[in-house]
Amino acid sequence: MGIESTLLIVKPDGVERGLVGEILVRIERKGYRIEKMQGMRITEELAGRHYAEHKGKPFYDELIEYITGGLSVVVLFRGENAIENVRVIMGATDPLDATPGSIRGAYATSVTHNLVHGSDSAASAEREIELFFGQAASA
Ligand code: DAT
Ligand code: MG
């Protein structure tokens, strides 16, 4: 709650499909501001640290292959209740469950290729921002 920072990733399918602008504009128009942004190909090492909580799950290998398979755009958004609101704008993890007005509900068809990542808690946001932008960025 309050003014928060959160990490959003437009995953490789979003970049390949030319949806970066469409995705970011929804979050900007809701009221959040881009503080940092970088295009990068996420390495296996970074992907493994980012998705450490999912290690050992049946979808883990596919997830790592997908997130490292092309260019991603990594964004630090900041504003009032940013963490929870960005998750709402993204929609549920499985696009079948996502509301049609959400990013995943509007543009994604598969739970693997679900276009975006967003931090799911204050602890995750702090950890992920540090991982992608370094400690100074998460203050
Ligand atoms: P979210 O990305 O909504 O935070 P998560 O953290 O539970 O969801 O999972 C991370 C990613 O892993 C998710 O965006 C897509 C993939 N994933 C999750 N559950 C899956 C499943 N049952 N089958 C295939 N991929 C899955
Ligand atoms: Mg998650």
Side-chain angles (χ1 to χ4, degrees):
M1 292 297 177
I3 305 295
E4 298 172 337
S5 295
T6 192
L7 191 88
L8 179 100
I9 303 175
V10 182
K11 296 176 178 179
D13 57 326
V15 177
E16 262 160 42
R17 290 172 59 197
L19 292 173
V20 175
E22 180 60 39
I23 289 167
L24 300 187
V25 80
R26 287 172 170 234
I27 302 169
E28 288 190 297
R29 286 185 182 154
K30 178 74 175 177
Y32 299 105
R33 288 294 163 260
I34 294 171
E35 295 230 316
K36 288 179 184 269
M37 177 156 86
Q38 61 176 330
M40 64 185 292
R41 186 160 180 144
I42 297 174
T43 62
E44 272 194 35
E45 198 264 334
L46 183 54
R49 291 174 70 191
H50 176 63
Y51 280 130
E53 64 175 309
H54 297 303
K55 210 161 271 181
K57 294 184 183 171
F59 58 83
Y60 180 78
D61 289 349
E62 191 181 18
L63 175 62
I64 298 299
E65 195 178 326
Y66 157 54
I67 198 88
T68 59
L71 191 72
S72 290
V73 172
V74 184
V75 187
L76 196 171
F77 273 106
R78 189 164 171 83
E80 184 93 40
N81 301 327
I83 298 166
E84 208 175 334
N85 266 322
V86 168
R87 295 284 300 188
V88 170
I89 297 165
M90 286 165 51
T93 304
D94 187 340
L96 281 175
D97 301 326
T99 54
S102 67
I103 291 167
R104 286 163 167 170
Y107 304 121
T109 55
S110 116
V111 65
T112 305
H113 298 169
N114 64 4
L115 288 173
V116 280
H117 166 84
S119 308
D120 65 4
S121 67
S124 300
E126 191 178 343
R127 188 181 74 82
E128 292 169 0
I129 289 166
E130 207 270 327
L131 207 52
F132 284 89
F133 290 111
Q135 206 153 26
S138 62

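Values below: all heavy atoms of this structure, side chains included; hydrogens, waters and symmetry mates excluded. Every number for a ligand or one of its atoms is a count from 1 in the order of the listing.
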_Close residues, ligand 1: non-hydrogen atom nearer than 4.0 Å_ = Lys11, Tyr51, His54, Phe59, Leu63, Arg87, Thr93, Arg104, Val111, Thr112, Asn114

*Could you tell me how the ring of Tyr66 sits relative to the ring of His113: parallel (under 30°), tilted (30 to 60°) or perpendicular (over 60°)?*
tilted

*Sequence-distant partners of Lys30, side chain to side chain donor-acceptor pair (under 3.5 Å), two or more places apart*: none

*Does Arg78 reach the main-chain N or O of Tyr32 with its side chain, forming a donor-acceptor pair under 3.5 Å?*
no

*Do Ser110 side-chain atoms and Thr112 backbone N/O form a donor-acceptor pair below 3.5 Å?*
yes

*Please state whether the rings of Phe59 and His54 are parallel, tilted or perpendicular, taking 30° and 60° as the class boundaries.*
tilted

*Taking side chain as C-beta onward, heavy atoms only, is Val75 less than 4.5 Å from Lys36?*
no

